[in-house]
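Notes to accompany the following structure.
A quick note: this is a predicted structure, and the numbers were derived from the prediction, not measured. No hydrogens, no waters, no symmetry mates; every other heavy atom, side chains included, goes into these values.
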Amino acid sequence: MRLDPTLHRKVGRFGNVDVDACYNCGNCTATCNLSDEDHSFPRRMMHYLQIGNREKLVGSLDPWLCHNCGDCSVQCPREANPSEIVGAVRAEAVKSFAFPSFMGRMVASPKWLPVLFLIPLAIFVFFALGLRGIAKVVPVPEFSNVFPELPLEIFFFTLSALVILSFAVGVAKFIRSAGNSVKKSNLFKGLVPAVKEILQHKRFTKCEEERYRFWGHLLTLSGFLTLFIVSSLEGIGTWFHVVTLPLPFWNSHEIFASILKISANVGGLVLLAGLVILLVNRFRDPEKRANSSYFDWLLPWLLVAIVLTGFLSQGTRLAGLGHIMFGVYFVHLTLIFMLFAYMPFSKFAHVVYRTVAMSLARKSKA
């Protein structure tokens with residue numbers, strides 16, 4: 001067994017946590033509504049972390065089965081804050097499974113944020129200036145005047161394929177690290193029940209201390225999925241000339257396009273409402289705010305910026321504000337790139353790894 005005596009310090013970078021405060025009394029496990037005979041978290045994770053057993057820690061399903069409700073931290077007699085420590089363990093696991101690995105280190109560190117922002121900035125400067133000759137010219141201001149639709153669609157579909165590949169490699173590393181503790185062949189059999197449970201947010205309803213997280217996470221996930229589906233259908237629709245941009249709010253001759261437009265606006269509002277609930281409650285709790293790391297803040301603020309610039313892009317286009325709308329849309333595209341390109345390395349990766357872990361855990365107990 002190889003131990004890493006610096007592991008607790010590495011994990012500690014993802015939050016204001018004190019691993020050494022825990023004396024493994026087991027009170028957290030007794031408090032947790034989700035803990036059982038197979039998954040006695042968070043006590044087991046605290047032990048692995050204290051002795052520096054990285055292999056057992058990041059290869060365990062336990063960090064992903066925890067939904068960070070905070071009940072264990074409230075009942076901890078040593079104020080070790082096991083709930084936040086488990087969150088920090090998940091962040092360390094995301095960095096460990098990252099492919100390529102250097103991206104995991106970059107996204108986890110605030111010092112690389114300017115570089116991560118400049119990459120898409122340069123890409124869309126090229127779109128605006130380098131591809132100006134093939135942009136569609138119309139008498140009224142449209143985004144396609146500066147950012148041609150077809151190259152954008154090709155670019156984002158290619159980017160999506162690379163993100164899927166990165167997630168696939170990361171998940172393969174995760175499953176391999178789990179070793180013989182799970183039946184890997186049962187992953188797909190447990191996938192549908194796990195996805196159903198995640199969509200319904202059943203585990204969040206068991207939280208006693210932070211009930212607000214149910215609505216915050218449910219609205220955020222619902223809004224994001226709505227926007228993701230609408231954007232995918234819009235991209236496919238324009239590719240096959242089923243819909244034309246810009247989408248109308250209502251047109252009896254373009255009902256499908258109108259439904260997409262309305263759904264996108266509703267999805268944006270739902271997503272923003274969920275994010276506001278999560279952020280407001282985190283700001284209102286001094287301890288939560290102090291324990292939150294850069295890794296925790298990056299995703300929600302990025303989503304807020306995307307929603308706001310999306311609505312602002314739409315508003316400035318409808319108002320015909322010319323250069324202002326192109327500038328806002330330029331920022332919007334840059335932020336969207338950051339969201340999708342860095343998904344496998346940010347907190348968004350929790351959705352994927354938690355789904356896989358819940359699938360394996362469900363079948364491993366069968």
Side-chain angles (χ1 to χ4, degrees), residues 116-168 224-251 253-265 267-268 271 302-303 305-344 348:
L116 297 176
F117 184 76
L118 286 173
I119 292 172
L121 201 69
I123 291 173
F124 293 114
V125 165
F126 169 75
F127 269 87
L129 301 179
L131 301 181
R132 184 170 47 188
I134 64 173
K136 182 172 65 176
V137 179
V138 293
V140 294
E142 295 294 352
F143 297 125
S144 57
N145 296 155
V146 178
F147 301 98
E149 296 167 7
L150 183 59
L152 269 182
E153 299 295 349
I154 294 174
F155 173 74
F156 275 110
F157 276 120
T158 303
L159 178 63
S160 299
L162 293 175
V163 169
I164 291 172
L165 173 62
S166 180
F167 266 129
F224 178 84
L225 287 177
T226 300
L227 289 175
F228 179 77
I229 293 171
V230 168
S231 299
S232 300
L233 291 176
E234 177 192 308
I236 296 172
T238 54
W239 188 282
F240 291 100
H241 305 289
V242 177
V243 298
T244 56
L245 299 179
L247 300 176
F249 269 103
W250 184 253
N251 187 326
H253 300 293
E254 298 182 72
I255 295 179
F256 177 66
S258 299
I259 292 175
L260 290 180
K261 184 73 168 184
I262 295 171
S263 299
N265 280 270
L271 174 57
L302 184 58
L303 287 171
I306 288 173
V307 174
L308 293 180
T309 54
F311 279 125
L312 194 56
S313 297
Q314 176 180 262
T316 52
R317 183 190 68 79
L318 292 174
L321 295 183
H323 294 302
I324 296 178
M325 70 180 245
F326 294 122
V328 174
Y329 190 60
F330 174 79
V331 175
H332 183 61
L333 288 176
T334 300
L335 295 172
I336 289 177
F337 175 95
M338 292 181 67
L339 174 66
F340 280 95
Y342 308 144
M343 265 184 182
F348 191 95

Distance in Å, T226 OG1 paired with N265 CG, rounded so as to fall on 0.5 Å steps: 12.0 Å
Interatomic distance, F330 atom CZ to L335 atom CG [nearest 0.5 angstrom]: 10.0 Å
Distance (rounded to the nearest 0.5 Å) between E149 CD and I154 CD1: 12.0 Å
Side chain to side chain contact (heavy atoms under 4.5 Å, CB included) between L227 and I306, intermediate numbers included: CA-CA 11 Å; L227 289 175; I306 288 173; over 6 Å; no
F147 ring center within less than 6.0 Å of F155 ring center: no
Exercise: identify the closest heavy-atom pair between L159 and F337: CD2-CD1, 3.8 Å
Heavy-atom pair of closest approach, residues S258 and W250: OG-CA, 3.4 Å
Results of side-chain hydrogen bond (donor to acceptor under 3.5 Å, both in side chains) for E234 - residues two or more places apart only: none
Contact summary for S313 and V328, nearest pair of heavy atoms: OG-CG1, 3.3 Å
Nearest-0.5 Å distance that lies between atom CE in M343 and atom CG in L162: 13.5 Å
Neighbour count >12 (heavy atoms, 6.0 Å) for atom CZ, F228: no
Atom pair CG/CG of L271 and L225 - distance to nearest 0.5 Å: 10.0 Å
Atom of G268, atom of V307 and distance for their closest heavy-atom approach: O-CG1, 3.6 Å
Trace of the side chain to side chain contact (heavy atoms under 4.5 Å, CB included) decision for Q314 with K261: CA-CA 11 Å; Q314 176 180 262; K261 184 73 168 184; 3.3 Å; yes
Side chain to side chain contact (heavy atoms under 4.5 Å, CB included) assessment of Y342 paired with I119: CA-CA 12 Å; Y342 308 144; I119 292 172; 4.1 Å; yes
Under 3.5 Å: donor-acceptor pair, side chain of S160, backbone of F156: yes
Residues F124, I336; criterion side chain to side chain contact (heavy atoms under 4.5 Å, CB included); working and verdict: CA-CA 11 Å; F124 293 114; I336 289 177; over 6 Å; no
Rounded distance (nearest 0.5 Å) linking atom CG of L303 with atom CG of L308: 11.0 Å
Closest non-hydrogen atom pair, M325 against F143: O-CE2, 3.6 Å
Trace of the ring pair (Phe, Tyr, Trp, His ring centres under 6.0 Å) decision for F326 with Y329: CA-CA 5 Å; F326 294 122; Y329 190 60; 8.4 Å; no
Heavy-atom side-chain proximity of F249 to L318 below 4.5 angstrom: yes
Minimum-distance pair of heavy atoms, taken over all atoms of V163 and F340: CG2-O, 3.1 Å
Side chain proximity check, P151 to F126, heavy atoms < 4.5 angstrom: no
Residues in side-chain hydrogen bond (donor to acceptor under 3.5 Å, both in side chains) contact with T309, at least two apart in sequence or another chain: H332
Residue pairs involving residues 235-250 (criterion salt bridge (charged side-chain N to carboxylate O under 4.0 Å, His left out); sequence neighbours excluded): none
